[in-house]
Colleague: 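Mind looking over this structure? Questions follow.
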Amino acid sequence: MDGSAAPLLAVENVSLSFGGIVALDKVSFGVEEGQIVGLIGPNGAGKTTLFNCLTRLYRVDEGDIHFQGKSILKLPPHRIAPLGIARTFQNLALFDKMPVLENVMIGMHSRTRSDFLSNALRLPWVGREERAMMDRATELISYLGLEPEMHRRVTDLPFGTMKRVELARALAGSPKLLLLDEPASGLNHKEVEDLIGLIREIRDQRKVTVLLVEHHMSLVMQVSDAVVALNFGRMIASGTPKEMQEDENVIKAYLGDGSA
Amino acid sequence: MVTSTVTPKTIKSPAARTAWLNGRYPRVAAMAVVLVVAASLPLVMSDYRLFQFTLAYIYAIALLGLNLLIGYNGQFSLGHGAFFAIGAYTTAIMIDRWDIGYGWTIIAAGAICLVVGFLFGIPALRIEGMYLALATLALALATPQFLKYHLFEGWTGGVQGIVIDKPEAPFGLPLNPDQWLYFFTLAILLLAFVLGWNLVRGRTGRALVAIRDHRIAAQSMGINTALYKSLIFGVSALYTGVAGALSAIVIQFVAPDSFTLFLSIFFVVGIVVGGLGSITGAIYGGFFIQFVPNIADAISQAAPWAIYGIFLIVFMLVMPLGIAGFLAILWHRLIMGRLASDGNEGHPTET
Ligand SMILES: Nc1ncnc2c1ncn2[C@@H]1O[C@H](COP(=O)(O)OP(=O)(O)OP(=O)(O)O)[C@@H](O)[C@H]1O
Ligand SMILES: [Mg+2]
């Protein structure tokens, strides 16, 4: 991580405990712009907790988090998306009663500006903004193959489709950094294959840096430029996918835990 | 909630027709018909009936506000009768004391309720669900007592309340006062309706619903949930305050016992029966509040509330999504019935 420019994201000595449980213990790593970084570790390792710290849903006990060289720890949660950090959720966090299209449009909230008054009066520029949002949302929806479901409520959709809606919603905010929390969980083999291509494409074509939490090892190893491994809140290894596969600590963590 | 951009000329396929029927034009047409009917009622109705319709419209304005808060944003209030009272007293006091034109007093009532509602919305951020219901319940319970309180008596008229004069039609319009107030209220309802309709159909409305459906995800999308929640509390109070102001003018009288907890409860009944999270639902709800007690009374003078209760239960059983939801499904069936063979599936759009 000692390149010339500062990394896009720098996690520095972040610690967080819940009562007696140490969820994160002095975790430090960086994510360079344009990289796909995998974040792995057994259940309860602290991966989701780290995402929650990055999006300010949790307050860190110690350490700092820099995005584009600036600390984000003073910002409230709703100021994270405007910086260009978007996420998906491990247990889906969609707006259930709304159709797919509107879910995706909400993803653009931080990139648009009409407010109570201008909306109520429906000023001409508000109409233009709405149409621009609609166009962009439609583009993303067809990019992710969700066209047939565009006007359906998300609760009526299969699990894998809901995951794609979440991805579309996250991309709608034109993020610089995309945090994906177990995007492959619950997907079938074919869907996982598609996802691998999709994550690469998102990075290559849309110029989005990706931090990826995943238990699906072959996926992580295929797409990641670098991998960070956590266990019991502590960073136990980091390196290229190849290095990780041979790393003793990583192997021990997974075997010892019995899960993989 | 999506308005179609398909114009009548381009409709070819049945699917496109469905989209069109679910879109903007049929709604605008339906609204125009309703407006024409509403505007011709003074020709055929007695002044008393007109007065009752005026009150139904006033309740509809209050319900629009309450529905923005409960239906769209998911914040519960059992205390909106208090904002109705603040609006009514603001108008009554301004007319009674300072002889200010009633139009201005309505604006003042709205502004005061906006501020009070916004301020109430700030502590309300810390409480949710049942607890918020209880906090607002306290507001409703305290209101009549505040209005009777002897230190304010010089302003509020204590238990006696305040009597005000009924305004005449302006500009030499050939209307009696009841007819004039009917049109005046209808115009304000129309304005309130259009503004509310626009609000929920834009970025703001989506943010409000997002907060209701998943607050954490809403935050992660960049929605300032605290700001939106207190602002919608204010806007909701504004609507209800304007309705209260109109009620003072139309009834020509305000007194503490018109603003008991019952009023707040009726408002909640109105939005649920009309349709939660539906703008048109507020209008059905307004009619329910105004007329169902009368109907119940006409059926049984001995136990009107029992009849009212039966009405409520039947409504909720037959129309669990409220009148608006029921009509939306009906409308949808009508279209889908004809297009059943297309295998086209959808959900009733919110109306
Ligand atoms: N809000 C919370 N309150 C208490 N404990 C928590 C909270 N959030 C996380 N934890 C604890 O922190 C530890 C790390 O949890 P986390 O969800 O980050 O694990 P994870 O690496 O995402 O696991 P998985 O792969 O199962 O998703 C766990 O022991 C968990 O119980
Ligand atoms: Mg997790």
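Fair warning: this is a prediction, and the values are worked out from it, not measured in the lab. Lettering of chains follows the sequences in order, A, B, ..., and the numbering in each one begins at 1.
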Colleague: I want to check something: taking the side chain as every heavy atom from C-beta on, are K97(A) and D213(B) in contact at a cut-off of under 4.5 Å?
Modeller: yes
Colleague: Identify whether the distance between the nearest side-chain nitrogen and carboxylate oxygen of E130(A) and R206(B) falls below 4.0 Å.
Modeller: yes
Colleague: Could you grab the distance from atom CZ of R122(A) to atom CH2 of W197(B), nearest 0.5 Å is fine?
Modeller: 11.5 Å
Colleague: Is E166(A) close to chain B through its backbone or its side chain, or both, or neither, when contacts mean heavy atoms under 4.5 Å?
Modeller: neither
Colleague: Using the ring-ring contact (aromatic ring centres under 6.0 Å, His included) rule, take H78(A) and Y228(B) through it: C-alpha gap first, then chi angles, then the decisive distance, then the call.
Modeller: CA-CA 12 Å; H78(A) 67 265; Y228(B) 272 80; 9.4 Å; no
Colleague: Do L57(A) and Q219(B) have side chains that approach each other closer than 4.5 Å (heavy atoms only, starting at C-beta)?
Modeller: yes
Colleague: Which atoms of F89(A) come close to chain B, meaning under 4.5 Å heavy atom to heavy atom: side chain ones, backbone ones, both, or neither?
Modeller: side chain
Colleague: In terms of heavy-atom pairs under 4.5 Å, which option from A120(A), A81(A), P76(A) contacts chain B the most?
Modeller: A120(A)
Colleague: Which atom names give the shortest non-hydrogen contact between R203(B) and S114(A), and what distance separates them?
Modeller: NH1-O, 2.7 Å
Colleague: Is the CD atom of E33(A) crowded by more than 12 outside heavy atoms at less than 6.0 Å?
Modeller: no
Colleague: If you count heavy-atom pairs within less than 4.5 Å of chain B, which of N103(A), V126(A), D96(A), T112(A) leads?
Modeller: T112(A)
Colleague: Would you call the rings of F95(A) and H214(B) parallel, tilted or perpendicular, taking 30° and 60° as the class edges?
Modeller: perpendicular
Colleague: Only pairs of heavy atoms separated by less than 4.5 Å count here; which of A218(B), G222(B), S220(B) has the most with chain A?
Modeller: G222(B)
Colleague: Can you establish whether the number of heavy atoms outside W104(B) located under 6.0 Å from its atom CH2 is more than 12?
Modeller: no
Colleague: State, to 0.1 Å, how close V235(B) and F116(A) come at their nearest heavy-atom pair, and which atoms those are.
Modeller: CG2-CD2, 3.9 Å
Colleague: Could you check if a side-chain atom of I106(A) sits within less than 4.5 angstrom of a side-chain atom of I223(B), using non-hydrogen atoms only?
Modeller: yes
Colleague: Pick whichever of R113(A), R79(A), M108(A) has the most heavy-atom pairs under 4.5 Å with chain B.
Modeller: R113(A)
Colleague: Tell me, do N119(A) and N198(B) make a side-chain contact under 4.5 Å, heavy atoms counted?
Modeller: no
Colleague: Hey, are the side chains of S118(A) and T204(B) touching, using non-hydrogen atoms and a 4.5 Å cut-off?
Modeller: no
Colleague: Could you look at R56(A) and say if it's the side chain, the backbone, both or neither that has a heavy atom under 4.5 Å from chain B?
Modeller: neither
Colleague: Select one option (side chain, backbone, both, neither) describing which atoms of L83(A) are under 4.5 Å from chain B's heavy atoms.
Modeller: neither
